[in-house]
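Each remark here refers to the structure printed beneath this line.
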Amino acid sequence: MAPFLYMFLAFGYTGGVLSLVMQGQNIFESPHFWTGSVVLILLTINAILSATGFIGDKSLLRTIHAYVGSLALAILLFHAVLGLKLGLSI
Ligand code: HEM
Ligand code: HEM
């Protein structure tokens, strides 16, 4: 499921920026942009970790993967609040 979530978020990220471009608004400036970028970076780290097969199936890397993923999901909650604020300010 996580790779699908990752893909969905990457499309949403691109769509969010394009939506602002179409509306003639400033891009890459909102706090919502920064939390979105951090989440995508964290999920990219997780994707790379898993793609390497956790480098010889090391349990430490599996644990890091679980924490990085959980952190990303926690930031997404905050990200939703910031998205709502951004929407209401336009
Ligand atoms: C939403 C954030 C994510 C969370 C919370 C998460 C959590 C986890 C957890 C808890 C495990 C099991 C670790 C263990 O063996 O102890 C796992 C395994 C795995 N994750 Fe993630 N993950 C996330 C994102 C991703 C992403 C973005 C990818 C790839 C694009 C990915 C690919 C995998 C793979 C391939 C495994 C190994 C499955 C297996 O052992 O067969 N994960 N993940
Ligand atoms: C409940 C969740 C979310 C809400 C309420 C929300 C809301 C918004 C709104 C209102 C905009 C301005 C564009 C427009 O008016 O159409 C926007 C832009 C954006 N969204 Fe979201 N969004 C959410 C989730 C996400 C997710 C999951 C991502 C991907 C990680 C994302 C990434 C972005 C980005 C990158 C922008 C452009 C910001 C900028 O360039 O300053 N958003 N979002």
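Counting starts at 1 for both ligands and their atoms, following the listed order. Hydrogens, waters and symmetry mates play no part in the numbers below; they use all other heavy atoms, side chains included.
Closest protein heavy atom to atom 31 (C) of ligand 2: His79 NE2, 3.1 Å. Atom 23 (C) of ligand 1 has its closest protein heavy atom at Asn46 ND2, 3.5 Å. Looking from atom 6 (C) of ligand 1 to the surrounding protein, the closest heavy atom is His65 NE2, 3.8 Å. Counting only heavy atoms of the protein, atom 30 (C) of ligand 1 lies nearest to Ala47 CB, 3.5 Å. Among all non-hydrogen protein atoms, the one lying nearest atom 7 (C) of ligand 2 is Gly83 O, 3.5 Å. Protein heavy atom at the shortest distance from atom 37 (C) of ligand 1 is Phe54 CE1, 3.6 Å. Counting protein heavy atoms only, atom 26 (C) of ligand 1 is closest to Ala2 CB, 3.7 Å. Looking only at heavy atoms of the protein, atom 4 (C) of ligand 1 is closest to Gly69 CA, 3.7 Å.
Taken to the nearest 0.5 Å, the CG atom of Leu43 stands 10.0 Å off from the CG atom of Leu71. To the nearest 0.5 Å, atom OG of residue Ser50 and atom CD1 of residue Ile55 are 11.0 Å apart. Note that the CD1 atom of Ile75 and the CH2 atom of Trp34 stand 14.0 Å from one another [nearest 0.5 Å]. With values rounded to the nearest 0.5 angstrom, Ser59 atom OG is found 14.0 Å from His65 atom NE2. Rounded to the nearest 0.5 Å, atoms NE2 (His32) and CZ (Phe78) are 11.5 Å apart. Put simply, CD1 on Ile90 and CD on Gln25 are 4.5 Å apart, with the number rounded to the nearest 0.5 Å.
Heavy-atom contacts of Phe33 reach the following atoms of ligand 2: 35 (C), 38 (C), 39 (C), 40 (O), 41 (O) (cutoff under 4.0 Å). For ligand 1, the atoms lying closer than 4.0 Å to a non-hydrogen atom of Leu43 are 1 (C), 2 (C), 27 (C). Near Ala66, meaning under 4.0 Å from any of its heavy atoms, are these atoms of ligand 1: 10 (C). The atoms of ligand 2 that sit less than 4.0 Å from any heavy atom of Leu84 are 5 (C). Each of the atoms 35 (C), 36 (C), 37 (C) of ligand 2 lies under 4.0 Å from some heavy atom of Val17. Close contacts between ligand 2 and Ile27 involve ligand atoms 40 (O) [criterion: under 4.0 Å to a heavy atom].
Residue contacts with ligand 2: Gln23 is placed with a nitrogen or oxygen under 3.5 Å of a nitrogen or oxygen of the ligand (distance criterion only). At a 3.5 angstrom cut-off on N or O pairs, Arg62 counts as close to ligand 1.
One option in Ser19, Gly16, Ala72, Gly36 has a heavy atom closer to atom 36 (C) of ligand 2 than any other, and that option is Gly16. Residue nearest to atom 1 (C) of ligand 2, selected from Ala80, Gly87, Pro31, Ser89: Ala80 (by heavy-atom distance). Taking all heavy atoms of Leu40, Leu5, Leu20, Leu9 into account, the minimum distance to atom 12 (C) of ligand 2 is reached by Leu20. The option with the heavy atom closest to atom 22 (N) of ligand 2, from among His32, Glu29, Met22, Lys85, is His32. Atom 40 (O) of ligand 2 has its nearest heavy-atom neighbour, among Tyr13, Phe8, Phe28, in Phe28.
No continuous path of hydrophobic side-chain contacts links Ile48 to Tyr6 [ILVMFWY only; heavy atoms under 4.5 Å]. Cluster membership for Phe8 and Phe4, using ILVMFWY side-chain heavy atoms within less than 4.5 angstrom, is not shared. In the hydrophobic cluster analysis, where Ile, Leu, Val, Met, Phe, Trp and Tyr join through side-chain heavy atoms closer than 4.5 angstrom, Val17 is grouped together with Leu76.
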Could you go step by step and tell me if Leu20 and Phe28 meet the side-chain contact (heavy atoms from CB on, under 4.5 Å) rule?
-> CA-CA 10 Å; Leu20 286 181; Phe28 308 149; over 6 Å; no
Would Leu73 and Leu5 satisfy side-chain contact (heavy atoms from CB on, under 4.5 Å), going step by step from the backbone distance to the final call?
-> CA-CA 11 Å; Leu73 292 187; Leu5 173 76; 4.1 Å; yes
Pair Thr52-Leu61, side-chain contact (heavy atoms from CB on, under 4.5 Å): steps then yes or no | CA-CA 10 Å; Thr52 63; Leu61 289 181; 5.5 Å; no
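Put simply, the side chain of Thr44 gets close to the backbone of Leu40: a donor and an acceptor are under 3.5 Å apart.
Relative orientation of the Phe33 and Tyr13 rings is tilted, given thresholds of 30° and 60° on the angle between their planes.
Of the protein's heavy atoms, at least one falls inside 4.0 Å of atom 10 (C) of ligand 1.
Heavy atoms of Ser30 found under 4.0 angstrom from ligand 2 belong to the backbone as well as the side chain. Within the 4.0 Å heavy-atom criterion, the part of Ser50 lying near ligand 1 is the side chain and not the backbone.
Tested against Leu42, the residues Val38, Asn46, Val39 include a single side-chain contact (heavy atoms from CB on, under 4.5 Å) partner, Val38.
The closest approach between Val39 and ligand 2 stays at or above 4.0 Å for every heavy atom of the residue.
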